[in-house]
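All remarks here apply to the structure that follows.
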Protein chains: 2
Amino acid sequence: MKITLRQMEIFINVVASGHLTNVAKEMNLSQSAISMSIKELENILGRPVFDRINKKLVLNEVGRAFYKEIEPIYRKLSDIEFEFKNSENKGIIRVGASTTIVDYLMPSIICSYMSAYPDVKITLKEGNTKEIARMIEEGTIDIGFVEGFVQGSDIVKEKIGVDELIVVTADKALSQKSVFIDELANERWILREPGSGTREVFLDYIKEKVDALNIFLELGHTESIKSILNNRSCLTCLSKISVEDELKSGKLFQVPVKNFDCKRDFLMIHHKDKYHSSLFEKFVFFSRKLMVKMIEEQQCAIDLAKELKKSL
Amino acid sequence: MKITLRQMEIFINVVASGHLTNVAKEMNLSQSAISMSIKELENILGRPVFDRINKKLVLNEVGRAFYKEIEPIYRKLSDIEFEFKNSENKGIIRVGASTTIVDYLMPSIICSYMSAYPDVKITLKEGNTKEIARMIEEGTIDIGFVEGFVQGSDIVKEKIGVDELIVVTADKALSQKSVFIDELANERWILREPGSGTREVFLDYIKEKVDALNIFLELGHTESIKSILNNRSCLTCLSKISVEDELKSGKLFQVPVKNFDCKRDFLMIHHKDKYHSSLFEKFVFFSRKLMVKMIEEQQCAIDLAKELKKSL
DNA sequence: TTCAAAATAAATAAAATTGAATGAAACTTT
DNA sequence: AAAGTTTCATTCAATTTTATTTATTTTGAA
């Protein structure tokens, strides 16, 4: 036999009042219901919790200790239940995103979302496109953001932006004249590792124009590539948003390649069976708007977040 | 509608396993029972807590937050229930004692009892004999220790020692010759306040021998009386155990009064309807033995406590 | 005695649980 | 790849179990 929450509730009320009859009235129950509930509680514990003194029920030493343990927990449990019944904006959203998005778009989205909905927690997982897709299929994450293509019949995809790949260098001389991509093939190239979406899309795009690219270094992170770039005269191809700051500040330069228009989609994905809680819907709505704006206008996400909050 | 512990238990198991069928087997229930319980939980909360993905139930963003809140509490509640079902030595005993006992006997009893039963908490209330008796009648305390007489048909009394009152001074000259009590009537007397058991018993005892006692100071605490005594040449009548130390160290002296044999009982009292939990019984047994020994032999209580623990 | 409150017992209402039927996806077999 | 099989969650009506009520008895105090 196990103690129930009801028994605790009744027990706590009897402790407070000391009279079964009062508690029965308060709780809209019969006096015998209270009596039997207390008796059952005492049965389960194996010994009385009240001394019956002058028609009053007074906690005994066992009951007192039991009450002290159980009362705060009961209250907390009630609070939690109330919170979840009444607050829509409570939950933990697990987000997954592929490398470029994780680094350059997610931080400000998450940060601004959390300031709009302080009761919602967010966990962020990184992975390449395939890994993120698998997490969606398994239910390990609620929503994913990836670059490129996703396959899987259970996955609902939505294009929420375009990712432009550009050729970049730190060597100003290289960026002065407009050239065709094959003319750059013998320059020293740094690329992301095989398997990376950025690399695959780039190589696929140029495969008919360039025979052999002079790849002299492969690195796992965009930031590593940027730092190396600064020290040597070499080239790379990266997502435009990831080098936005450096282009503005003049640390890096875009190489004006003729006929070079290498684009891929940013996708927001979720499982087709996903229950669309208001929490989830709001996050989706929020991300969609914010993502589009950020990509198009590179505008401060935090300011936008405030506007969005009002419209929801 | 309210969430029940059962629903939480099932919910937590489903989270862990992900399959209703497994949980049903583990819990010896049909899978429809599990299914309906989860559904009811979701009903109460007003929204789903699981996404049904490929026959599996995967926590969604709401369920995840709910789980995180509820799981540790559920575990704690189970632990508490288990503790109370299985551990006899758990509780809170409220002890009341009158002034002399509180100061000179209870500390070592409580201290040694608590080292023998670390899971039992003790609260100690002070009061004069009447107040302690009323607390017993009302159920405010579980057990009381008083000096003197107690009336009340609901109160079970047990004599556990004798308290001897003696006449005491710090003035060695006064303690040199044996006298009758009436010969001391004009000395300067310090007594406890009216209502104090020590005072009443003393005055009652001498009322036929002494007309008017020269009471020049009344103080509420034995310790205050002792300090005053040291500075002036005056007398008081106190419980022997309360001046034991001072007599030994020579700070105070017993005045050898002829024909003076003023005694009263130490009583242990409890309500007749008191449920005798094993906790209570042990405390009573413990106190009885310890009290007798302490009064008779003035022996170190802590050492004795260890012996007693073994015999229980 | 009478009064007020708790305990008990039998009756009943409410709930939890079951078992059979249904449906949907995943896995086999052809 | 279509048809059959298995697995598992869901649904619904039936049933068991539990909670609660009504009526009655007991208890202690005024």
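Chain A is the first sequence line, chain B the second, and so forth, proteins listed ahead of strands; every chain is numbered from 1. Computed from heavy atoms alone, side chains included, the values below leave out hydrogens, waters and symmetry copies.
- In this structure, CD of B:E40 is placed 12 Å from P of C:dT17, rounded to the nearest angstrom.
- Map A:D154 and B:S30 each onto its nearest nucleotide of DNA chain C; the residue landing nearer the 5' end is B:S30.
- At whole-Å resolution of the value, NZ in A:K39 and C1' in C:dT8 are 7 Å apart.
- Note that the first and last nucleotides of DNA chain D, 5' to 3', having any atom under 4.0 angstrom from a heavy atom of chain B are D:dT7 to D:dA29.
- For the pair A:D273 CG and C:dA25 C1', the interatomic distance rounds to 10 Å; values are reported in whole Å.
- Applying the 6.0 Å contact sphere to NZ of A:K76 captures no more than 12 heavy atoms from other residues, nucleotides or ligands.
- Residue B:L29 contributes atom CG, which lies 9 Å from atom C1' of C:dA16 at whole-angstrom precision.
- Because its NZ or CZ atom is not both nearer than 6.0 Å to the ring centre of A:Y117 and within 45° of the ring axis, A:K282 does not count as a cation-pi partner of that residue.
- Checking C:dA20, C:dA6, C:dA16 against every side-chain atom of A:T21, the shortest atom distance belongs to C:dA6.
- Separation of atoms CD1 (A:I92) and CG (A:D119) is listed at 11.5 Å; rounding is to 0.5 Å.
- Look at A:R52 and you'll find a side-chain N or O under 4.0 angstrom from OP1 or OP2 of C:dA7.
- B:R264 contributes no side-chain N or O that, together with a main-chain N or O of B:E147, makes up a donor-acceptor pair within less than 3.5 Å.
- For the pair A:K159 and A:F266, the cation does not sit on the ring face, since its NZ or CZ is not both under 6.0 Å from the ring centre and inside 45° of the axis.
- Heavy-atom contacts from other residues, nucleotides or ligands closer than 6.0 Å to NZ of A:K68 number 12 or fewer.
- At least one donor-acceptor pair closer than 3.5 Å links the side chain of B:E42 to the backbone N or O of B:F50.
- Within the 4.0 Å cut-off from OP1 or OP2 of C:dA15, not a single side-chain nitrogen or oxygen of B:R6 is found.
- Atoms CD (A:E137) and C1' (C:dA26) sit 14 Å apart, rounded to a whole Å.
- The residue among A:Q7 and B:K272 whose nearest nucleotide of DNA chain D lies closer to the 5′ end is A:Q7.
- Between the OG1 atom of A:T123 and the CG atom of A:D142 there is a distance of 8.0 Å, given to the nearest 0.5 Å.
- Annotation for B:E88 and B:S278: closest pair OE1-OG, 3.3 Å, computed over non-hydrogen atoms.
- Put simply, CD on B:Q31 is 11 Å from P on C:dT18, counting in whole angstrom units.
- Spacing between atom NZ of B:K56 and atom C1' of C:dA24 amounts to 18 Å, rounded to whole angstrom units.
- A heavy atom lying under 4.0 Å from DNA chain C marks the following residues of residues 8-20 of chain A, by number: A:H19, A:L20.
- Counting non-hydrogen atoms under 4.0 angstrom, B:N22 reaches nothing in the nucleic acid.
- Atom P of nucleotide C:dT18 and atom CE of B:M27 are separated by 10 Å, given to the nearest angstrom.
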